[in-house]
Amino acid sequence: MSKSTTAIIGVGNIGGTVARHLVGGGEGVVVASRDAAGAQKLADELGPLARAASVEDAIGSADAVVLALWLDQLREFLPQQKSRLEGKVVIDPTNPIGFDANGQIIRTLPDDQSSGSIVASLLPASAHYVKAFGTLSADTLAGAANHEPQRAVLFYATDDGASAATVERLIRAAGFDPLEIGGASSAGRIEAPGGDLHQFALNDGQVVDLDQARAALAGAARSA
């Protein structure tokens with residue numbers, strides 16, 4: 001059992017999937033949600049490496065915090081929890097995604113603004129921000145762990161060495177290979193819609209392995 005604990009705030013498609021993958025890889029998690037019964041149900045399902053807690057307790061007891069909430073929810077949530085996030089590795093999987101009246105995906109931010117830039121701006125200066133776990137659709141994230149014959153890649157972006165080491169450990173525990181694309185200012189490249197390294201825009205929507213991901217990065221650098 002890992003001595004480190006990861007808090008997962010939100011137990012929807014992304015939060016629940018990340019929790020399952022991390023526990024499957026031997027990581028301890030504490031899950032929290034406004035739906036306390038849903039968080040407890042998930043913790044019971046996951047077994048001894050998981051427990052449910054209040055949001056405040058989850059953040060306080062964790063080394064890393066995964067913010068598995070919608071961007072609009074985080075605009076309200078983060079100012080309320082700002083002091084508790086001091087010194088924490090904060091992992092942001094958000095995407096600027098909404099839906100129109102016909103149920104079609106739309107972008108909720110201007111093209112030159114990333115969800116990551118908003119989330120990072122709402123954190124305390126001492127937090128260690130990293131963009132990760134949002135580069136695949138929820139269904140693909142759920143189904144692509146421990147992919148054979150080569151693991152699928154999860155890209156991440158950060159300016160911070162502490163968060164890079166932590167998120168690489170968590171990505172590997174979750175059954176994927178990590179690959180850094182650059183600093184936090186690059187977060188928009190792994191967001192959807194619009195990011196050139198998000199699943200929706202890369203390799204016809206298929207997952208990529210480490211060699212393919214590195215080639216995509218190198219190709220993008222040459223064309224920049």
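Just so it is clear, the values below take in all heavy atoms, side chains as well, and ignore hydrogens, waters and symmetry mates.
A 4.5 Å side-chain heavy-atom check between Y156 and L179 finds every atom pair outside the cut-off. Annotation: side chain of K131 is in contact with side chain of E191 (closest heavy-atom distance under 4.5 Å). Within the 4.5 Å cutoff, side-chain heavy atoms of P110 are placed close to those of Q113. Between N146 and R151 the shortest side-chain heavy-atom distance falls below 4.5 Å. Taking 4.5 Å as the limit, some side-chain heavy atom of L78 sits within range of a side-chain heavy atom of L123. You'll find the side chain of I171 stays beyond 4.5 Å of the side chain of D177, heavy atoms only. You'll find the side chain of V18 stays beyond 4.5 Å of the side chain of L170, heavy atoms only. Residues S33 and I9 are not in side-chain contact: their nearest non-hydrogen atoms beyond the backbone lie 4.5 Å or more apart.
Defined by atom type and a distance below 3.5 Å, a donor-acceptor pair is present between the side-chain atoms of Q199 and T140. Defined by atom type and a distance below 3.5 Å, a donor-acceptor pair is present between the side-chain atoms of S163 and T158. For the 3.5 Å distance criterion, the side chains of T94 and D92 qualify, holding a donor opposite an acceptor.
Atom CZ of F133 and atom CG of L67 lie 12.5 Å apart (nearest 0.5 Å). Once rounded to the nearest 0.5 Å, the distance linking CD of E56 with OG of S61 reads 11.5 Å. Put simply, CD1 on I14 and CD1 on I8 are 11.0 Å apart, with the number rounded to the nearest 0.5 Å. To the nearest 0.5 Å, atoms CD (E86) and CD (Q81) are separated by 12.0 Å. Put simply, CZ on F176 and NE2 on H21 are 4.5 Å apart, with the number rounded to the nearest 0.5 Å. Distance check, rounded to the nearest 0.5 Å: CG of L85 to OH of Y129 gives 13.0 Å.
Between A32 and A53, the shortest heavy-atom contact is CB-O, 3.3 Å. Across I97 and P193, no two heavy atoms sit closer than the pair CG1-CD, 3.7 Å. Considering every non-hydrogen atom in both G87 and S126, the closest pair reads N-OG, 3.0 Å. For V167 against A132, the heavy-atom pair with the smallest separation is CG2-CB, 3.6 Å. V23 and L49 make their closest contact through O-CD1, 3.7 Å (heavy atoms, listed as atom of the first residue, atom of the second, distance). When every heavy atom of S115 is checked against every heavy atom of P96, the shortest pair comes out as CB-CD, 3.9 Å.
One hydrophobic cluster holds both V90 and V55 under the rule that ILVMFWY side chains link at heavy-atom gaps under 4.5 Å. V29 and I59 fall into different hydrophobic clusters, defined by Ile, Leu, Val, Met, Phe, Trp and Tyr side-chain heavy atoms under 4.5 Å apart, directly or through other members. Cluster membership for V30 and I91, using ILVMFWY side-chain heavy atoms within less than 4.5 angstrom, is not shared. There is a path of hydrophobic side-chain contacts, each under 4.5 Å, that joins L122 to L69. In the hydrophobic cluster analysis, where Ile, Leu, Val, Met, Phe, Trp and Tyr join through side-chain heavy atoms closer than 4.5 angstrom, L109 is grouped apart from I190.
T5 places no side-chain N or O within 3.5 Å of a backbone atom of A62 that could act as its donor or acceptor partner. In terms of modelled atom types and a separation under 3.5 Å, the side chain of D209 and the main chain of D211 share a donor-acceptor contact. With hydrogens and angles disregarded, no donor-acceptor distance shorter than 3.5 Å links the side chain of E76 to the backbone of Q73. Using a distance-only test at 3.5 Å, with no hydrogens or angles considered, a donor-acceptor pair links the side chain of H147 to the main chain of Q150.
Every residue two or more places apart in sequence or in another chain that forms a salt bridge (charged side-chain N to carboxylate O under 4.0 Å, His left out) with R20 is listed here: E45. Listed by chain and number, the residues in a salt bridge (charged side-chain N to carboxylate O under 4.0 Å, His left out) with D111 are R107 (sequence neighbours excluded). Evaluation of the salt bridge (charged side-chain N to carboxylate O under 4.0 Å, His left out) rule for D196 yields R189 as partners, not counting sequence neighbours.
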Show your reasoning for whether side chain to side chain contact (heavy atoms under 4.5 Å, CB included) applies to L154 and L141.
CA-CA 9 Å; L154 290 184; L141 183 67; 4.2 Å; yes
Go through it in stages, so that I can follow the logic: the residues are N95 and H198, the test is side chain to side chain contact (heavy atoms under 4.5 Å, CB included), and I'd like the CA-CA distance, side-chain angles, deciding distance and then a yes or no.
CA-CA 10 Å; N95 286 291; H198 190 278; 3.9 Å; yes
Could you walk me through whether L202 and F155 pass side chain to side chain contact (heavy atoms under 4.5 Å, CB included), step by step?
CA-CA 12 Å; L202 186 65; F155 294 108; 3.8 Å; yes
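Classification of R51 and D57 as a salt-bridged pair holds, one side-chain N sitting under 4.0 Å from a carboxylate O. Salt bridge absent: K41 and D44 never bring a charged side-chain N and a carboxylate O closer than 4.0 Å.
A side chain to side chain donor-acceptor pair (under 3.5 Å) with H128 is found for exactly one of D159, D160, T166, namely D160. Across V66, V130, D63, V65, a single residue satisfies side chain to side chain contact (heavy atoms under 4.5 Å, CB included) together with V89, and that is V130.
In this structure, N203 places its CG atom where more than 12 heavy-atom neighbours from other residues, nucleotides or ligands lie under 6.0 Å away.
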